Amino acid sequence: MVHLSGEEKAAVAAVWSKVNVDNAGAEALGRLLVVYPWTQRFFDSFGDLSSADAIMNNPKVKAHGKKVLHSFDDGLHHLDNLKATYASLSELHCDKLHVDPENFRLLGNVIVVVLSRNLGKDFTPVAQAAFQKVVSGVATALGHKYH
Amino acid sequence: MSLINSERAIVKSIWDKISSQADAIGAETLERLFCSYPQTKTYFPHFDLHPGSPQLRAHGAKVLAAVGEAVQHIDRMPSALTKLSELHAYILRVDPANFKLLSHCLLVTLAARFPADFSAEVHAAWDKFMSILSSILTEKYR
C-alpha cells in the first residue's frame, strides 16, 4: 500500500501524463542492462547485448521494456492495492523467472532517472519523492509472493 | 571495481560540461535527497533545510566541489580523498546506506539538467564513478 499525499498524487498524475510509456519503458530496460550489466543474466535469448548502442537499439529489449512499463502503469492505477495487483506477476518472477527482487529496486531507480531525463524541470523534487514511494511499493509487491 | 579509460574520459567530459552549474546542481541534489529520503535530514539538525536556504546552497556547493576534486584526481582517487575518507569515518559517520541515496539524487539531477548528454553510457560511467567514490569514503569505517 503506497500512501501519497494529495500534492504527491497530483505530481504523479502530472508527470505520468507527459510520459510516452512505450519509449520510456524501452529506455528504462535498456539502461538497466547497460548500467548494471549483471542484469543481462535474465536475457540470454535477447540477442546482441554487446554494447550500450546494441542494447539501446535491441528490438527485444524495447519490446520487453514496453511491456514492463505498461505493467507499471497498471500499478499506478491501483496504488492502494499493489500486492493484489502484482500477485500473479510476483509468483511468475519467483517460480518461473527466478529473478532476485533486488533487481526490482534497481529497475525502479532507473525508471526514476528516465522520468527525470524526459521531464527535466517538471520532474520536481516532490514528483521524484512521490515516484520513489511508487517504485518502492511496486518492488515490494513484486517480491511479496516469493518463497 | 575500477573505471576503465573510456569511463574516466566520459566522467571528465561531463564534469567539464556541468561544472559551471556545480553549485546549483549540489543544492538541487540535496533538495531531492531530503525530499525523497527524509531520514537523511537527521544528519543536519543544525541546518535550515528549506529549498533555497543559504546553508543548503553552501553545503551543496561543498559536496559538488568534492566530486569535482575526485574527477580532477580520477587516476588516484583513494589517495586524493584520504582526508574526506577520514572525515566521514571518524567525525561524520554517515551510515553507508546513504551514499547510494545521494549518488542516485545526483544522477537524477544530472539527467534533468542535461538530458541530451545523459546517455546510457554516461549514466553507467557516472553511476560507477559515484559507487567507487562512496566506497572510498566509507573504507575506513571499520
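None of the values given here were measured: they were computed from a predicted structure. Numbers restart at 1 for each chain; the letters A, B, ... are given by sequence-line order, proteins then strands.
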Residues in residues 112-137 of chain A that sit under 4.5 Å from chain B, counting heavy atoms only:
A/Val112, A/Val113, A/Ser116, A/Arg117, A/Gly120, A/Phe123, A/Thr124, A/Pro125, A/Val126, A/Gln128, A/Ala129, A/Gln132

Between CD of A/Glu27 and OG of B/Ser119, what distance do you get to the nearest 0.5 Å?
10.0 Å

Taking A/Trp38 as the starting point, is it possible to reach B/Ile132 by hopping between hydrophobic residues whose side chains are less than 4.5 Å apart?
yes

Residue from B/Pro38, B/Ala124, B/Ala116, B/Ala111 scoring the most non-hydrogen pairs under 4.5 Å with chain A is B/Ala111

Exceeds 12 heavy-atom contacts within 6.0 angstrom, atom CG of B/Asp75:
yes

Please determine, among A/Val110, A/Ile55, A/Val35, the option with the most heavy-atom pairs under 4.5 Å with chain B.
A/Val35

Would you say CD of B/Glu121 has more than 12 non-hydrogen atoms from neighbouring residues, nucleotides or ligands within 6.0 angstrom?
no

How about A/Glu7: does its CD atom have over 12 heavy atoms from other parts shown lying under 6.0 Å from it?
no

Got more than 12 heavy atoms from elsewhere within 6.0 Å of NZ, B/Lys140?
yes

Residue B/His123 versus chain A: region with a heavy atom under 4.5 Å:
both

Among the clusters formed by ILVMFWY side chains lying less than 4.5 Å apart, do B/Met77 and B/Ile4 turn up in the same one?
no

So for B/Phe114, is it side chain, backbone, both, or neither that comes closer than 4.5 Å to the heavy atoms of chain A?
neither

What part of B/Arg32 gets within 4.5 angstrom of chain A, counting heavy atoms only: side chain, backbone, both, or neither?
both

Single-linkage hydrophobic cluster B/Phe44~B/Ile91, side-chain heavy atoms < 4.5 angstrom:
yes

